[in-house]
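The sequence lines fix the lettering, A, B, ..., with proteins before strands; numbering per chain opens at 1. Remember, it's a predicted structure, so these values are computed and weren't measured experimentally.
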Protein chains: 2
Amino acid sequence: MSGKRSLIRSGTTVDQMVRAIGDRIVTGVLVPGEKLDEVSLAARFEVSRTPVREALGQLSAMGLVERRPNRGAIVAVVTQEHLTSMFESMAELEGICARFCAERMSGSERRALETEHQASARLVRLGAEEDYEYFNTEFHSRLYRGAHSTHIQELTAMTRSRLAPFRRAQFRLAGRLAKSWQEHDAIVTAILRGDGTAAGTAAKNHVSIVSEASAVFAVGERPKAASLAMPFTAS
Amino acid sequence: MSGKRSLIRSGTTVDQMVRAIGDRIVTGVLVPGEKLDEVSLAARFEVSRTPVREALGQLSAMGLVERRPNRGAIVAVVTQEHLTSMFESMAELEGICARFCAERMSGSERRALETEHQASARLVRLGAEEDYEYFNTEFHSRLYRGAHSTHIQELTAMTRSRLAPFRRAQFRLAGRLAKSWQEHDAIVTAILRGDGTAAGTAAKNHVSIVSEASAVFAVGERPKAASLAMPFTAS
DNA sequence: AAGGCAGAAAGTGTATGCAATTGCCTTTCA
DNA sequence: TGAAAGGCAATTGCATACACTTTCTGCCTT
């Protein structure tokens with residue numbers, strides 16, 4: 001294989017692998033406990049085992065995959081206890097971000113937050129779950145950025161990505177959209193008011209509620225490595 | 001090289017490399033900005049480049065080294081802004097840990113914390129900086145464990161290790177030991193009282209003060225890659 | 001003399017091969 | 001018939017080889 005990397009985009013191959021495999025874990029294509037075979041992955045992405053191994057190493061450091069020495073890698077399987085701990089941490093982290101936002105956001109950041117938030121009200125009325133989910137992600141990212149603290153941002157993003165597999169199903173719950181919007185509203189209002197304490201508390205509560213909604217999906221479902229037989233869809 | 005790995009202990013080679021290189025970064029043997037040459041490291045540890053590369057990848061994911069595509073790896077160099085952000089995060093994280101400790105520590109944990117803390121008073125009177133530093137590390141670890149939240153523990157430990165290179169010089173400051181002990185005392189008292197809010201505040205202040213003490217060492221010292229010529233001491 | 005370009009050297013990125021460990025299956029003995 | 005031991009297949013871990021990118025050096029041009 002001396003030719004250019006065919007379908008995978010630019011950047012280093014390993015980086016692409018990390019994103020590709022990580023995405024599939026985060027989006028639930030690869031389920032916790034599923035075996036990650038090096039040769040299969042290498043064949044699937046049309047690269048050699050070396051970049052695959054390096055990618056798995058990085059994903060392991062990120063906590064998304066678990067590596068047993070000499071026994072291969074599996075998608076990280078989290079215990080109920082650890083899951084609770086992660087949600088709890090997420091609540092605290094988002095609380096901190098919201099508090100910092102209330103104290104530090106620039107005028108334009110506040111305006112953008114308010115504008116986007118108000119725009120999303122329409123999605124709630126329409127019941128556009130897909131679109132609202134996209135907005136929701138953007139809303140939270142805005143909160144992380146608005147904290148003006150690169151490290152908090154890193155920690156929050158990391159925790160969020162590790163929680164992603166367990167948060168997907170939450171919007172199926174009836175009335176979730178409206179409730180989510182109201183919670184967002186409380187956060188936005190407090191931030192615009194410059195009330196860090198209230199913003200922090202509101203953000204913490206927001207995550208806590210999501211946590212409860214997601215907890216049910218945590219344990220119980222641990223499919224065997226059935227879906228690996230059919231490699232995931234083309235990138 | 002078919003023989004057993006000689007000096008490095010058990011476990012996978014990559015893991016040993018991660019620890020070995022990571023230690024040298026954390027302890028300041030390798031200074032920020034220093035070039036990490038793969039072949040030199042491989043030769044130094046008597047392994048091939050493959051495990052070195054994997055170790056660098058993991059260290060990069062941990063944030064201890066910075067990897068420029070096609071341009072080698074260097075010990076992560078943090079900007080003043082990022083350093084401030086990390087200390088700020090550390091303060092928040094320790095605050096959370098202390099708050100959780102006040103709410104969740106078991107009886108034996110509280111007793112152990114109190115006992116060790118009181119024992120350390122002796123070290124302050126003697127001015128035993130080395131021994132106090134060791135105790136100090138243990139004290140903080142106790143706080144992280146006592147929070148009973150594995151993920152918070154991870155985040156805290158990670159942030160702490162990334163801050164380690166910048167925290168070493170703090171105890172040189174006059175009267176630092178006594179002040180540190182008093183701050184610890186405020187934390188311990190609040191925890192034993194079960195006052196989560198007070199414990200959190202006290203822990204946050206504690207880190208903030210350390211932060212200020214360390215900030216001076218942040219920028220200004222950026223030695224060129226001089227010490228790499230002489231490989232670090234035998235492990 | 002200064003700037004830029006060409007070629008070589010150094011170093012990283014990826015592929016492949018070999019050794020070693022693991023897990024499973026078969027065989028054998030109680 | 002069950003269990004334990006040994007061998008075999010599969011997979012991981014590490015080493016080496018090759019390809020490509022970057023950078024340094026020296027020469028040529030202006």
- Query: Can you list the steps and then say if A/R24 with A/E34 is a salt bridge (charged side-chain N to carboxylate O under 4.0 Å, His left out)?
  - Reply: CA-CA 12 Å; A/R24 280 165 177 75; A/E34 188 163 328; over 6 Å; no
- Message: The test is salt bridge (charged side-chain N to carboxylate O under 4.0 Å, His left out); show your working for B/E92 and A/R99 and say whether it passes.
- Response: CA-CA 11 Å; B/E92 298 288 341; A/R99 172 153 48 87; 2.7 Å; yes
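B/D37 has its CG atom 17 Å from the P atom of D/dT22, to the nearest Å. When the P atom of D/dT12 is taken as reference, atom CG of A/L41 falls 9 Å away, rounded to whole Å. In this structure, CG of A/L36 is placed 14 Å from P of D/dT11, rounded to the nearest angstrom. Rounded to a whole Å, the CD atom of A/E54 is 16 Å from the P atom of D/dT12. For A/L56 and D/dG13, the CG to C1' distance is 13 Å, given to the nearest whole Å. Note: CZ (B/R67) to C1' (C/dG11) measures 12 Å, nearest angstrom. Here the C1' atom of nucleotide C/dT12 and the NZ atom of B/K35 are 9 Å apart, to the nearest Å. Here C/dA15 presents its P atom at 13 Å from CZ of A/F45, a figure rounded to the nearest Å.
At C/dG11, none of the side-chain N or O atoms of B/R71 fall inside 4.0 Å of OP1 or OP2 (strictly under the cut-off). Between B/T13 and D/dC14 there is a side-chain N or O to OP1 or OP2 distance below 4.0 Å.
If you check distances only, the side chain of B/R49 does reach the base of C/dG13 with a donor-acceptor pair under 3.5 Å.
Within 6.0 Å of the CD atom in B/E138, the count of heavy atoms belonging to other residues, nucleotides or ligands exceeds 12.
Summary of the strand contacts: A/N70 and B/R53 both lie near DNA chain C, and taking for each the nucleotide with the nearest heavy atom, the more 5' one is attributed to B/R53. For the pair B/A73 and A/T50, nearest-nucleotide mapping onto DNA chain C gives the more 5' position to B/A73.
Remark: of the listed residues B/E103, B/R104, B/E109, B/E109 is the sole one forming a side-chain hydrogen bond (donor to acceptor under 3.5 Å, both in side chains) with B/H148.
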